[in-house]
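Everything below concerns the one structure shown next.
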Amino acid sequence: SRHQVLIKAGWFFGYQLILALVLAALLDKLVSRKKAEASQAANEAKFSLLLEAAAIPMGVAHVSRRIEHINRQFTQTFGYVIEDIPDLDTWWVKAYPDADYREQVIRSWMEAIQKATDTGSSIRPGIEFRVTCKDGSVCIMELTGALVGDQVVVAFHDLTARVKAEAKLRDALEFNQALVAAQPMG
């Protein structure tokens, strides 16, 4: 009957409408995800550019202990390229070749990371580190960092010139004091 045909046609068109709405929702979700992925990729590219343009040595390590990026200033300062230090274990050994000192550095750094995690603050160990460069020279560095998702971004602040100047000043002061002490009174 005509009535049954209309009912079947209505059901058929209703089913098509539901199917079209479901497909539209899936397509919208897919488009939104692609936009989010593109936005994330753009943000990561911008972050890499900022890191590369930084005037101080910087590096990024993943929680898996893999070093993901070091900037040009890092390579210029320390001499290492990413292939030299693919992970933190390799970095620790090369930058801190003395085993006892290395353990002290690692302990200080891990304590600072734990404090930063507990307080939601930046990573600030509060001590100076003697970092051994690829050529064997040593730089005095203050390290700071930030936890960003599953990564740690580390900045190396070179204190070498200041520390050397302070040592020269101390030596000159001690020399002057020795001269004054050696002068006869009266």
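The first residue in the sequence is number 1, and the count goes up from there.
One distance of note links CG of Asp89 with CZ of Arg102; it measures 9.5 Å at 0.5 Å rounding. The CZ atom of Arg66 sits 13.5 Å away from the CD1 atom of Ile85 when rounded to the nearest 0.5 Å. One distance of note links CZ of Arg124 with CG of Leu143; it measures 11.0 Å at 0.5 Å rounding. The distance from the CG atom of Asp150 to the CD atom of Glu68 is 7.0 Å, given to the nearest 0.5 Å. The CG atom of Asp98 sits 9.5 Å away from atom CD of Gln104, with the distance rounded to the nearest 0.5 Å. For the atom pair Leu88 CG and Ile67 CD1, the distance stands at 5.0 Å (nearest 0.5 Å).
Linking Ile, Leu, Val, Met, Phe, Trp and Tyr whenever their side-chain heavy atoms come within less than 4.5 Å puts Val60 and Met58 in one cluster.
Between His69 and Leu51 the shortest side-chain heavy-atom distance falls below 4.5 Å. Counting only heavy atoms from C-beta outward, the side chains of Ile106 and Trp92 approach each other to under 4.5 Å. Using a 4.5 Å heavy-atom cutoff, the side chains of Thr117 and Leu147 are in contact. Looking at heavy atoms from C-beta onward, Asp100 lies out of side-chain contact with Glu103 at the 4.5 angstrom threshold. At least one side-chain heavy atom of Met141 sits less than 4.5 Å from a side-chain heavy atom of Thr77.
The closest donor-acceptor contact from the side chain of Asn71 to the backbone of Ile56 lies under 3.5 Å. A distance-only check finds a donor-acceptor pair linking the side chain of Tyr101 to the backbone of Arg130 [under 3.5 Å]. Using a distance-only test at 3.5 Å, with no hydrogens or angles considered, no donor-acceptor pair links the side chain of Ser137 to the main chain of Cys133. In this structure a side-chain-to-backbone donor-acceptor pair under 3.5 Å is missing from Glu142 to Ile127. In this structure, the side chain of Thr90 does not engage the main chain of Pro86 through any donor-acceptor pair within 3.5 Å. Side chain of Asp87 to backbone of Arg65: no donor-acceptor contact under 3.5 angstrom is found. Checking side-chain atoms of Lys94 against main-chain N and O of Lys134 turns up no donor-acceptor pair under 3.5 Å. At least one donor-acceptor pair closer than 3.5 Å links the side chain of Thr75 to the backbone N or O of Tyr80.
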TODO: Show your working on side-chain hydrogen bond (donor to acceptor under 3.5 Å, both in side chains) between Gln114 and Asp118 and close with a plain yes or no.
DONE: CA-CA 6 Å; Gln114 186 61 53; Asp118 293 346; 2.8 Å; yes

- [ ] Apply the test side chain to side chain contact (heavy atoms under 4.5 Å, CB included) to residues Ile123 and Thr144: give CA-CA distance (whole Å), side-chain angles for both, the deciding distance (0.1 Å), then the verdict.
- [x] CA-CA 5 Å; Ile123 303 167; Thr144 58; over 6 Å; no

Task: Stepwise side chain to side chain contact (heavy atoms under 4.5 Å, CB included) test for Val154 and Trp109 - done: CA-CA 11 Å; Val154 182; Trp109 185 250; 3.7 Å; yes

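Taking both residues in full, the closest heavy atoms of Gly79 and Asp84 are given as O-OD2, 4.0 Å, listed atom of the first, atom of the second, then distance. Among all heavy-atom pairs drawn from Gly145 and Ser122, the shortest one is O-CB, 3.4 Å.
Taking the six-membered ring for Trp and the full ring otherwise, the centers of Phe129 and Trp91 sit at least 6.0 Å from each other.
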